[in-house]
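First the structure, in the form of structure tokens, and then the observations on it.
Predicted model, so just to flag it, every value in this text is computed and none were measured. Numbers for residues simply follow the sequence, beginning at 1. In each ligand, atom 1 is the first atom listed, and ligand 1 is the first ligand listed.
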Amino acid sequence: MRLDYLSIFPGYFDVLGISLLGKAAVNGLVDVYAHDLRDWTHDRHRTVDDTPCGGGAGMVMKPDPWGEAFDEIIGTEPDPSVHVVFPSPSGEPFTQSVAHDLSSVERIVFCCGRYEGIDHRVIDYARSMWTVHEVSLGDYVLNGGEVAALAITEAVVRLVPGFMGNPQSLAEESFSAGQDGLLEYPLFTRPVSWRGLDVPEVLMSGHHGRIAKWRRDESIRLTRERRPDLTDSDVSARH
Ligand SMILES: N#Cc1c(-c2ccc3ccn(Cc4ccc(CN5CCCC5)cc4)c3c2)n[nH]c1N
């Protein structure tokens, strides 16, 4: 999998050389390339923004540098196998399902906007050439797309076959299909007693049926308390 990042702050992506992602890069599972959008400007100030047409606050990212960067990094021929991700406050929700779909893709290009966003013609042009995902991490405001691109990267790459040491742990996670969309149960490890707090006895019983039931009940309880939106009527009926 090749990952490209286009940003006026390419240094954000230095972190991708650390930990598991660094290991994946070393193992050849993932190739990471960060690009400075200003390398495709031609004026003395390396300008990437301008005032919004129609007025309004802030600045908008000019289309020209993006177009020239696309030509050099991706190419000038349409190729639907290239997936271009635009993190955006007005994007569709980024979900585990989207992460799963992207984990089988060979090439992803992250376009990280700043200011008030990117001239919309850049997204329209990208849609005419490649497969585009305009996604939002959630209902809160970031200052740009870089942090979102890092989060999306981690969510996607950990699903790439061969990346995680123990693929079984992926199957048991919240939001993965196998859990009925329920939140994960509480986790415990040794010591059994810590500052007057004990591991629930059932988990030390060795009785796998009771343990499985306790975990299921906890997942249902937590989901009903914290994420009623995840417990549709069908799921509720089953629990
Ligand atoms: N993913 C994701 C994101 C982002 C995100 C992603 C990409 C960019 C590029 C620039 N910004 C800054 C910004 C912030 C707010 C606005 C909204 N406007 C402000 C005044 C009228 C509406 C426009 C841009 C970005 C923010 N924020 N939150 C998420 N979940």
Side-chain angles (χ1 to χ4, degrees), residues 1 3-16 21 30 32-41 45-70 73-74 82-103 105 107-160 174-175 181 183 226-227 229-230:
M1 178 183 278
L3 303 175
D4 288 89
Y5 301 82
L6 259 174
S7 165
I8 59 173
F9 297 120
Y12 262 88
F13 304 100
D14 294 350
V15 71
L16 292 178
L21 216 42
V30 175
V32 175
Y33 302 89
H35 311 274
D36 185 344
L37 184 69
R38 294 188 195 276
D39 289 349
W40 287 277
T41 61
H45 298 293
R46 309 184 83 203
T47 308
V48 292
D49 63 314
D50 201 341
T51 53
C53 295
M59 303 294 277
V60 175
M61 299 192 88
K62 295 164 57 65
D64 322 67
W66 290 97
E68 292 187 30
F70 286 162
I73 295 168
I74 311 177
V82 175
H83 288 243
V84 181
V85 175
F86 290 90
S88 165
S90 53
E92 295 179 4
F94 176 73
T95 63
Q96 188 69 10
S97 173
V98 176
H100 186 270
D101 293 346
L102 285 172
S103 66
V105 162
R107 183 156 192 207
I108 305 174
V109 179
F110 290 91
C111 299
C112 303
R114 279 273 156 168
Y115 307 101
E116 293 307 312
I118 302 170
D119 184 301
H120 199 74
R121 290 168 294 179
V122 173
I123 296 156
D124 285 343
Y125 173 76
R127 287 192 191 282
S128 74
M129 296 286 282
W130 308 294
T131 301
V132 168
H133 307 262
E134 212 177 339
V135 293
S136 169
L137 280 195
D139 295 336
Y140 44 84
V141 180
L142 301 172
N143 288 332
E146 289 82 5
V147 166
L150 285 169
I152 293 165
T153 298
E154 184 153 308
V156 169
V157 172
R158 65 196 304 277
L159 298 176
V160 172
S174 287
F175 312 111
L183 299 183
R226 297 180 183 172
R227 293 295 304 275
D229 59 301
L230 292 179

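- If you check which protein heavy atom lies closest to atom 29 (C) of ligand 1, you get Tyr140 O, 3.4 Å.
- Checking Asp139, Val85, Leu142 against atom 27 (N) of ligand 1, the nearest heavy atom belongs to Leu142.
- For a threshold of 3.5 Å applied to N or O pairs, the pair formed by Arg114 and ligand 1 contains no separation below that value.
- Between the side chain of Ser136 and the main chain of Gly138, a donor-acceptor pair closer than 3.5 Å is present.
- Residue-level proximity to ligand 1 for Val135 is carried by the backbone, the only part with a heavy atom below 4.0 angstrom.
- Atoms CZ and CD1, from Arg46 and Ile8 in turn, are 11.0 Å apart once rounded to the nearest 0.5 Å.
- Contact annotation: for Pro87 versus ligand 1, heavy atoms closer than 4.0 Å belong to both the backbone and the side chain.
- At least one N/O-N/O distance between Gly138 and ligand 1 falls below 3.5 Å.
- At a threshold of 4.5 Å between non-hydrogen side-chain atoms, the residues Glu134 and Ser90 count as touching.
- Taking every non-hydrogen atom of Leu137 and a distance limit under 4.0 Å, the qualifying atoms of ligand 1 come out as 1 (N), 2 (C), 30 (N).
- Side-chain contact between Glu92 and His133 is absent, with no heavy atoms from C-beta onward closer than 4.5 Å.
- Shortest contact from atom 22 (C) of ligand 1 to any protein heavy atom: Glu116 OE1, 4.6 Å.
- Nearest to atom 15 (C) of ligand 1 among the protein's heavy atoms is Val141 CG1, 3.6 Å.
- Nearest protein heavy-atom contact of atom 10 (C) of ligand 1 is Tyr115 O, 3.4 Å.
- Proximity of Tyr5 to Val32: side-chain heavy atoms (C-beta onward) are separated by under 4.5 Å at one or more points.
- Taking the six-membered ring wherever Trp is involved, the centroid distance between the rings of Tyr125 and Trp66 does not fall below 6.0 Å.
- Scanning the protein heavy atoms around atom 16 (C) of ligand 1, the nearest turns out to be Pro89 CG, 3.8 Å.
- Contact annotation for Ala57 and ligand 1: no heavy atom of the residue comes within less than 4.0 Å of the ligand.
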